[in-house]
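Everything below concerns the one structure shown next.
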Amino acid sequence: MKVSKNTVAAIVAAVFGVAVLVLLFLYAVNDGNEFAVRIQGIMNQLSGGILASLTLFTLTLVFSMPIGLFVCFARRSRFKVIAIVTKFYISVMRGTPLMLQLIVVYFAPYYLFKIPLSSNYRFYAAIIGFSLNYAAYFAEIYRSGIEAVPKGQYEAAKVLGYSRQQTFMKIVFPQMVRHTLPPVTNEIITLVKDTSLAYAIAYVEMFTLAKQVAAAQSSIMALFVAGAFYYIFNLLVAFVMGRIEKKMNYYAK
Amino acid sequence: MKLLEINNIRKSFDNQLHVLRDISLSVEEGEVVSILGPSGSGKSTLLRCATMLETMDGGTLSYCGESAVIEVDGKSRYMPKSDIKRIHGYFGLVFQNFNLFPHYTVLKNIMDAPVHIQKRNKAEVREEAMSLLRQMGIEDKADSYPCQLSGGQQQRVAIARALAMNPKILFFDEPTSALDPELTSEILKVLRDLASRKMTMVIVTHEIEFAKNVSDRVIFMDEGYIVEQGKPEDVIDNPENDRVKAFLNKVMG
């Protein structure tokens, strides 16, 4: 796969555009523009939360995408028991609120085993809760991608002597990735926004802080800034995923 | 030497529909055998049983004197995986829908199995693949993806892919049924060429005229039985069986 000139040009343009906006903003702050200074103040107050949101987002993706693949395998297992248990797991993860799942993961050690809750555990509970939930969704997306690969592909591979593992790794997986990119993009975008749900277990991410700042300032500005962050971040996600999709389109179906 | 020997194959789906009822067939080295018959007569199923894409209920199967399937207590029993794997190397199959790997270039479609399954020298395989493409008249398509080719070109790649494995016998499952008349003649030309090189082939086809011209033996199937077989001029020009007569009258107008 080659990186096309267009891709490079688009990335350069995007980086340049963002740089210009940042410079303009910094200039406005420097110039003592009241509005810009206020925004900067809010951003300083949110910065810790932004980092927390990004960490949650990144770690959830890092864990849930591969776990999802294993869940998908289990869901398609030849062993009925494994398949049924996995199906139940997926239906619970999809059928109950993520917020409730987070709270259960956070409080379960205490309620079930009387283990005192440390504030460190908040972070782990958030990662565990998000990863388990998103793994279920990714598993179903992967499953649809695998099932979209025509039977003839398996048959051709079998006649050529590919083993089951080789068939999956070389023939099915690459086609699955291509089929699943659009729904995976959807899921990632949802995750960006869902990180705000971590406030349910008092994991201090950006949204929690934005609400506090808004209340303290008795102004809606902080919420707008938070909203702008989610939006810009998702623009970036959509842009990057769109590029990857294009790259994967080197062959049509 | 007998390359393929099938004895008393029986196959039914869901224990009801008897698709193959007691079919025996053997193919000598260098022989070209065409299988004709109406839809649903079991032609394709016979081919799929012979290439082990479908498991047979009863009967035996062997290639080059090596058993792939033996019969125990009236039921087919498949030999251990290691034997089957070796026997897989004796035959190739060309599908009606080509079943090329869409994410591989033409050259990689042809080279991947010889290099990674048969573990042959890459440079050697490449040379052979290019010469096969030359033979098929599509050497300029080596770096194209299957989606960029016409149906006839795709089928030629599929034939080259099968040939690159150096099979002793090559099966064709209605290789021209997905093609329009012009492209059909392209493929028939390739098959004729292979026949003149003494490639052992078993071809399921609806092209009566072609079967007559190219094959050493024609087999006519109906309702899971072989109802007539012999030299093409006998079976096609002077059929004895009423069903064969009726079928030929219909298709040949």
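The chains referred to below are lettered A, B, ... by the order of the sequence lines, with proteins before strands, and numbering in each begins at 1. Atom set for the values below is all heavy atoms of this structure, side chains included, hydrogens, waters and symmetry mates excluded.
- Heavy-atom neighbours of chain B within the stretch residues 87-103 of chain A, taken at a separation under 4.5 angstrom, are nonexistent.
- For B:Glu127, the CD atom sits in a loose shell: 12 or fewer heavy atoms of surrounding residues, nucleotides or ligands are nearer than 6.0 Å.
- Here the straight-line distance linking atom NZ of A:Lys170 with atom NE2 of B:His116 works out to 4.0 Å at 0.5 Å rounding.
- The aromatic rings of B:His103 and A:Tyr251 sit tilted, their planes meeting at an angle between 30° and 60°.
- The nearest pair of heavy atoms linking A:Val159 to B:His88 is O-ND1, 3.8 Å.
- With a threshold of 4.5 angstrom between heavy atoms, B:Ile117 approaches chain A through side-chain atoms but not through N, CA, C or O.
- The contact between B:Arg161 and chain A is made by backbone and side chain atoms together, counting heavy-atom distances below 4.5 Å.
- The line from NZ of A:Lys151 to CG of B:Asn99 is 10.5 Å long, rounded to the nearest 0.5 Å.
- Heavy-atom distances place no part of B:Ile84 under 4.5 Å from chain A, backbone and side chain included.
- Put simply, of A:Gln175, A:Lys158, A:Gln153, the one with the most heavy-atom pairs under 4.5 Å next to chain B is A:Gln153.
- For OH of A:Tyr199, the number of neighbouring non-hydrogen atoms (other residues, nucleotides, ligands) closer than 6.0 Å is 12 at most.
- Rounded to the nearest 0.5 Å, atoms CD (B:Glu54) and CD (A:Glu155) are 7.5 Å apart.
- The environment of B:Arg126 atom CZ is sparse: at most 12 non-hydrogen atoms of other residues, nucleotides or ligands sit within 6.0 angstrom.
- Using a 4.5 Å cut-off between heavy atoms, B:Tyr104 contacts chain A through its side chain alone, with no backbone atom that close.
- A:Arg164 CZ: 12 or fewer foreign heavy atoms inside a 6.0 Å radius.
- For the salt bridge (charged side-chain N to carboxylate O under 4.0 Å, His left out) test, no residue two or more places apart in sequence or in another chain qualifies with A:Glu187.
- Of the possible donor and acceptor atoms, none in the side chain of B:Lys85 sits under 3.5 Å from a partner among the backbone N and O of A:Ser163.
- Under a cut-off of 6.0 angstrom, the local environment of CZ in A:Phe239 is crowded, with over 12 non-hydrogen atoms contributed by other residues, nucleotides or ligands.
- The contact between B:Phe101 and chain A is made by backbone and side chain atoms together, counting heavy-atom distances below 4.5 Å.
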